[in-house]
Q: 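Just dropping this structure here.
Below, chains carry the letters A, B, ... as their sequence lines are ordered, and counting in each starts from 1.
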Amino acid sequence: MVTEIKKKEEDIDRSPFHGLWTLTNRELKKWYKSAVILLLSIIQPIFWIALFGKAMNLQALFSGTTLSIPGLNIPKDIIDKIGQEILKQTFGTTDYFSYLAAGMLSFITLFTSMQSGMSMIWDRRLGVLDRLLTTPVSRSNIIISKVLSSVIRSLVQATIVLIVAVLLGMSFYPGINIFDFLGAYIALFLMSFGLSSLFLMIAIRASSWESQMAVMNLLNLPLLFTSNAFYPINSMPSWLKPVAEINPLTYSNAIIREMLLGIQTNLTIDFIYLTVFAIVLSIVGIILSWKYISS
Amino acid sequence: MSEAIKAINLTKAFGKFVAVDHINFEVKEGEIFGFLGPNGAGKTTTIKMLTTVLKPTEGTAIVNGYDITKEPAKVRNSIGVVPQEFTADEDLTGWENMMLMAGLYGIKKDVAKERAKELLDMVELTQAMNRKVQTYSGGMRRRLEIAMSLISRPKILFLDEPTLGLDAQTRSAIWDYIMKLKKEYDMTIFVTTHYLEEADLYADRIAIIDHGKILAIGSPKELKESVGGDVITLNTSNDDEAMKLLQNLDGIIDIKKVDNMLRIKVKDGEEMAPKILERLIKSEVKVLKMSITEPTMDEVYMEYTGRKMRDEEADSKEVFALRRTLRRARG
């Protein structure tokens, strides 16, 4: 009996992080094991890219036109040139499709991160959470595993969208390197971490699956349309600009566009804003969630 | 240390509603302790406090020598819990669920595999271990839950309504596993139930709880004795004579003539029957028929709670139906 107890001690991992990966992996397994859900969740942004991005082809609007103004004899190449300049001034690039595709990366990250709390609602209702609470896994690891799995999911989804966008004709700025991609992913990571924590905190208090859906639906499109995902801040009405300027999507879009497309922005400010956003939201989200399940 | 669990003024209030009201009890090492009460009596709340899911509002409990309010992590390390709900992950296989639990307890992979094999074998799920849990029947799910809770080799196992919603046959099978566990691993088992006959049949000691208060604690036998003891029914050649003879015999509580039979209430039927026979035979009163009936747990329960258990049954079925619906909704 004594030897058995001794043996038991050695067989057990008691690091503060034990169980974190087990729980994160549990969430991810459910997701990558059901291909249908994976597929469904990336269809929406792909539709945006493929249909909206391709159909609303501003580039085609300004170039390759047969525009001729009666009474003026403007050579076609000049009209094209003017068109290109207008595009460049508005979007920072003449390639609107790539501009939109970059915005879609933040979009899919936003949507996926918002779902971080859904599995928590089920875990609570089905009693799984109560069971987890009786195991030696620390309360904070239960919370962080949910956030972590949501972040990983978001970044994988974003990567799939990026690949699809490239296949559909998204082009990067010449001379792009690995650090540019890294920078873009750091931006997505920060946004995802903050949003996932926030929505987990809301979900852990949500009484039902439906109420969480309502909160998500209330926030997703407004967040999308008050950002620079589709159009630059400069072309927004004055009352919308301040809203766009506090929207984290605006900052991650700006970073991704500089990193991947070479559209100039103030990277320092953008990164500081996103970092603060992520830290504040994750601290608030994780602490409030932890408090809730510990009481 | 001979107590596995000791509750001291354990109390939980949700706002103004006091779910568990200053309860005190002790569970001895190695016994099966039954917590019996209707739905909403405070059984689950008590188990949640003892397993550190809920913090008590007042009082505390010592579980495995650790205070649940001061050393919850140590308590968690030494217990296994089978919750009322089916908590195994439906999308994963039985085996994956076992490994998941092992990960949560920080058990190394090779040790975990060995134990998982042994436990799945014990609950006879080896054949089904690579199937997804959603294909399991209710009884299989419950057995998996039990196996999952044993991966850490706990000293105390908490079972919250382990047979809720299962048919009679499966219920007795589940109890066979629980009895086997107790024998093989020498565990203390704390089990809540609202099935009277289960508590009667399997528990070493029972606590009856209602409205958050413990109304009685004792072995099934003690509890039955406490409500008035056994009834001995006699059919003799001369009932009137017999009645006179037995009137002043020690240990007889009450004696009545009902339908040409003598109904004798005694404290302990098995002990009293020979004494009664002896006295009657000595005085040459022939005993034609004799039977001893013990009071059932139903009577015990009625005596203490003032109501019948039957009223609660419908409720539990509703709960189960709701849970099934939820499961379907999820899958």
Q: Start with the C-alpha distance between B:T52 and A:L133, add both sets of side-chain angles, then the distance that settles side-chain contact (heavy atoms from CB on, under 4.5 Å), and finish with yes or no.
A: CA-CA 7 Å; B:T52 75; A:L133 291 177; over 6 Å; no
Q: Is any side-chain heavy atom of A:R131 closer than 4.5 Å to a side-chain heavy atom of B:E145?
A: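 Yes; the side chains approach each other to less than 4.5 Å.
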Q: For B:K48, is it the side chain, the backbone, both or neither that has a heavy atom under 4.5 Å from a heavy atom of chain A?
A: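 Only the side chain of B:K48 comes within 4.5 Å of chain A.
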Q: So which atom in B:T87 and which in A:G127 form the shortest heavy-atom distance, rounded to 0.1 Å?
A: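 In terms of heavy atoms, the two residues are closest at CG2-O, 3.3 Å.
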Q: Applying side-chain contact (heavy atoms from CB on, under 4.5 Å), run through A:L126 and B:E85 and close with a yes or a no.
A: CA-CA 6 Å; A:L126 297 173; B:E85 295 90 355; 5.8 Å; no
Q: Determine whether more than 12 heavy atoms belonging to other residues, nucleotides or ligands lie under 6.0 Å from atom NZ of B:K182.
A: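 It does: B:K182 NZ has more than 12 such atoms within range.
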Q: Mark yes when over 12 heavy atoms from residues, nucleotides or ligands other than A:L51 sit less than 6.0 Å from its CG; otherwise mark no.
A: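 Check passes, neighbour count above 12.
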Q: Check each atom of B:M101 against the heavy atoms of chain A and say whether the ones under 4.5 Å are side chain, backbone, both or neither.
A: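 Side chain of B:M101 only, per the 4.5 Å heavy-atom cut-off to chain A.
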Q: Does B:P83 reach the side chain of A:D130, with side-chain heavy atoms less than 4.5 Å apart?
A: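 Answer no - side chains too far apart.
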Q: Listed by chain and number, what are the side-chain hydrogen bond (donor to acceptor under 3.5 Å, both in side chains) partners of B:Y177, not counting sequence neighbours?
A: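 Result, side-chain hydrogen bond (donor to acceptor under 3.5 Å, both in side chains) vs B:Y177: B:E124.
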Q: Among B:L50, B:V53, B:I47, find the one that has a side chain to side chain contact (heavy atoms under 4.5 Å, CB included) with A:T134.
A: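 For A:T134, the side chain to side chain contact (heavy atoms under 4.5 Å, CB included) check succeeds only for B:V53.
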Q: Any idea which of B:S149, B:A73, B:P72 has the most non-hydrogen atom pairs under 4.5 angstrom with chain A?
A: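 Looking at each of B:S149, B:A73, B:P72 in turn, B:S149 comes out on top.
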Q: Calculate, to the nearest 0.5 Å, the distance between atoms CZ and CG belonging to A:R26 and B:D89 respectively.
A: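 One finds 4.5 Å between CZ of A:R26 and CG of B:D89.
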Q: Please name all residues satisfying salt bridge (Lys or Arg N to Asp or Glu O under 4.0 Å) with B:D160, sequence neighbours left out, ordered by chain then number.
A: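 Partners of B:D160 under the salt bridge (Lys or Arg N to Asp or Glu O under 4.0 Å) test: none.
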Q: How about NZ on B:K180, more than 12 heavy atoms from neighbouring residues, nucleotides or ligands closer than 6.0 Å, or not?
A: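 Result for NZ/B:K180: enclosed.
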Q: Is the side chain of A:H18 donor-acceptor paired with the backbone N or O of B:G103 at a distance under 3.5 Å, no angle test?
A: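 Side chain of A:H18 to backbone of B:G103, a donor-acceptor pair under 3.5 Å: no, none is there.
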Q: About how many Å separate CG of A:N25 and CG of B:L100, when rounded to the nearest 0.5 Å?
A: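 Going from CG on B:L100 over to CG on A:N25, the span is 9.0 Å.
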Q: Please determine if A:K29 and B:E96 form a salt bridge, counting it only when a charged side-chain N lies under 4.0 Å from a carboxylate O.
A: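 Salt bridge between A:K29 and B:E96, a charged N being under 4.0 Å from a carboxylate O: yes.
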Q: Hey, is CZ on A:F47 packed in by over 12 heavy atoms from elsewhere, all under 6.0 Å?
A: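 Counting neighbours around CZ of A:F47, 12 or fewer heavy atoms of other residues, nucleotides or ligands fall under 6.0 Å, so no.
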Q: With a 4.5 angstrom heavy-atom cut-off, which part of A:L20 approaches chain B: side chain, backbone, both or neither?
A: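 It is neither, since no heavy atom gets under 4.5 Å.
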Q: Just so I understand: if I count every heavy-atom pair under 4.5 Å between each of A:N141, A:V137, A:T135 and chain B, which residue has the most?
A: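 Among A:N141, A:V137, A:T135, the one with the most close pairs to chain B is A:T135.
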